[in-house]
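A short write-up of the structure that comes next.
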Number of protein chains: 2
Amino acid sequence: MANSASGESIIGRVVKIVSAFDDRHPAMSVAELGRRTGLPVTTTYRLVNDLLLERLLEREPGGDIHIGTRMWELASRGSKMLGLREAALPFMEDVQAVVQHSTTLGILDSDEVLYIERLGSDRTIVDITKIAGRLPVHATSSGLVLLAHSPAAYQDAFLARPLTKFTETTLTEPAALRRHLAEIRQRGFAAMPGVIVPESSGIAVPVFGPDNTIRAALSVVVPRNEENAPARVPVLMAAARGISRALGLARRAEGDAPAKPLKALFAVHR
Amino acid sequence: MANSASGESIIGRVVKIVSAFDDRHPAMSVAELGRRTGLPVTTTYRLVNDLLLERLLEREPGGDIHIGTRMWELASRGSKMLGLREAALPFMEDVQAVVQHSTTLGILDSDEVLYIERLGSDRTIVDITKIAGRLPVHATSSGLVLLAHSPAAYQDAFLARPLTKFTETTLTEPAALRRHLAEIRQRGFAAMPGVIVPESSGIAVPVFGPDNTIRAALSVVVPRNEENAPARVPVLMAAARGISRALGLARRAEGDAPAKPLKALFAVHR
DNA sequence: TGTCGGTTCCCGCTCAATGGTAATCCTCCT
DNA sequence: AGGAGGATTACCATTGAGCGGGAACCGACA
């Protein structure tokens, strides 16, 4: 579906263009955009112009292009992300205030962890999570929690793929991972000695929705050598329950089906 | 630029489709989407399919369509919105904790106020602001603050247009508005008795960037009958200065030009 | 003055996008 | 069961929007 020589559709090319921007490259010239996307020069200019007209991109005084306000607005307005984020934010603040290290909220998307909110702190050591950033599932505490509570079919499919070993401690063999996931379900949390950045380690707990399926993972990043890391867990769990409750209330307020009681929330399922 | 009978480009139609979703309609069938956008049925199905392939839209179990996670991710990743929001959030939390009513952060976009962050509260009375929501400039305290510190040329253009009168107290005549804007610049804040919702009223202060141009408006919504509304102003101003400083630091950290001192920050300019 | 990179303009080719019609698949309702 | 009404998929002839190479233009820098 495309007029293009390369066989891409317009939409695909637009995605390419928008994808060229990230926190490291928030603005660039059209020519550079063309280079980064690999699109023909003329085509890049034409598409960028169309996107400028719709205000999905914006041109700044210098001539450089950056993602437009409209794009953010459209993406946010109808997104379910906002609901989850808004429900979670107050609880995340509480956690952040107590733990004093950065607190993140992540979801499972395209076999990766996508962080949708993050509260940093000055004390935060090394923490590579960014809002709208991605990290591998099997190498993060958030990812393991999300995976542990996902449907069996999904887990099987995930574990069937080869996994990259980031450090010595990264689990990559299906059997070992399965055992670890079971442990996570039993304990109710995942603790990961910094897999990507060795100095820090993460602790994550699951956040369930009104239908008792997993929605997100709430996690904190603490220094690795900290001895009382498990002491953080109760705070996280309490916060996670709070978020679940808030999600239920939000749904009920919309005149939706009444939320089920949260009794069996932390029960092991699968 | 369009193959379509109506003369729209694909991109324009995609925007139409995405725009059909809002917090009141977060998901719908493709047929309904076609009706809401006014696009031909077949075309709607084809475009939606393309968008599903790119994961800009997602299909939920029931078959309904909603905005995809990818859309939010792409829009957020390269957006300057995140920087502003992240710099502002801690200060907004402080304000929210003290004032006990909902705190919002808005920017000027397409001659309207676009709210990019909002911290609500249970005590919050009536507050129609929503994240990614829009309100008219001349009828909100945020809008007036933003307008008051905008370039003269922009103000002139804005005031040249006819303005809708929402209630008795809405200022719509250019002369009166100009006087009001001057007052806002002098006082350093804008106070608006609820123009759209009569029971509440808003107080807003400007947030400046490192280059001393206005970036956003920080505001709170308080009950209208509250006598000590102006007492909220100092808290807001302090927070706004904090945000400005955070913005400057963020830029400097990127190895950018060093930020100017914030001395003349609240000076009247124009 | 000349070079170089970014940007705009021009233009003929062509196939992707279009959108009507019709068939199919649902889910309710009778 | 039957069938009415809506949503979704399948089919297909038509055509102009999208394509992209090339050249001209512009502005910065040496």
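Within every chain, numbering begins at 1; the chains are lettered A, B, ... in the order of the sequence lines, protein sequences first and strands thereafter. Every heavy atom of this structure was used, including side-chain atoms; hydrogens, water molecules and symmetry mates were not.
- For the pair A:Ile10 CD1 and D:dG18 P, the computed distance is 5 Å after rounding to whole Å.
- Atom pair B:Leu33:CG and D:dT9:C1' shows a separation of 17 Å (rounding to whole Å applied).
- Donor-acceptor pairing under 3.5 Å is recorded for the side chains of B:Thr69 and B:Glu58.
- Atom CG of B:Leu52 and atom P of D:dT9 are 10 Å apart (whole Å).
- In this structure, the CD1 atom of A:Ile11 is 12 Å from the P atom of D:dC19, given to the nearest Å.
- Residue B:Lys16 contributes atom NZ, which lies 15 Å from atom C1' of C:dT18 at whole-angstrom precision.
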Footprint string (nucleotides 4-9 of chain C, 5' to 3'): B base within contact, S backbone only, - free, heavy atoms under 4.0 Å: --SBBB
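- A:Tyr154 and A:Asp111 share a donor-acceptor pair across their side chains, judged by distance under 3.5 Å alone.
- Side-chain N/O atoms of B:Thr43 include none lying less than 4.0 angstrom from OP1 or OP2 on C:dT18.
- Between B:Arg70 and A:Asp109, no side-chain nitrogen of the basic residue sits less than 4.0 Å from a carboxylate oxygen of the acidic one, so the salt-bridge criterion is not met.
- A donor-acceptor distance shorter than 3.5 angstrom exists from the side chain of A:Thr140 to the backbone of A:Pro136, with no hydrogens or angles considered.
- Atom CD1 in B:Ile65 sits about 11 Å away from atom C1' in D:dT8, given to the nearest Å.
- Open room surrounds CZ on B:Arg24; 12 or fewer heavy atoms of other groups in view lie less than 6.0 Å from it.
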Derivation and outcome, side chain to side chain contact (heavy atoms under 4.5 Å, CB included), residues A:Glu117 and A:Leu89: CA-CA 8 Å; A:Glu117 184 58 294; A:Leu89 193 54; 3.8 Å; yes
Where protein sits on nucleotides 23-28 of chain C, one letter per nucleotide: B base, S sugar-phosphate only, - none, heavy atoms under 4.0 Å: ------
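- Using cut-offs of 30° and 60° for the angle between ring planes, the B:His138 and B:Phe166 rings count as tilted.
- When rounded to the nearest whole Å, the span between CD of B:Glu8 and C1' of C:dA17 equals 13 Å.
- The shortest distance between the side-chain N/O atoms of A:Arg46 and the OP1/OP2 oxygens of C:dC11 is not below 4.0 Å.
- Ion pair A:Lys130/A:Asp23 flagged as a salt bridge, since at least one NZ, NE, NH1 or NH2 atom sits closer than 4.0 Å to an Asp/Glu carboxylate oxygen.
- Taking a cutoff of 4.0 Å between a charged side-chain nitrogen and a carboxylate oxygen, A:Lys80 and B:Glu60 qualify as a salt bridge.
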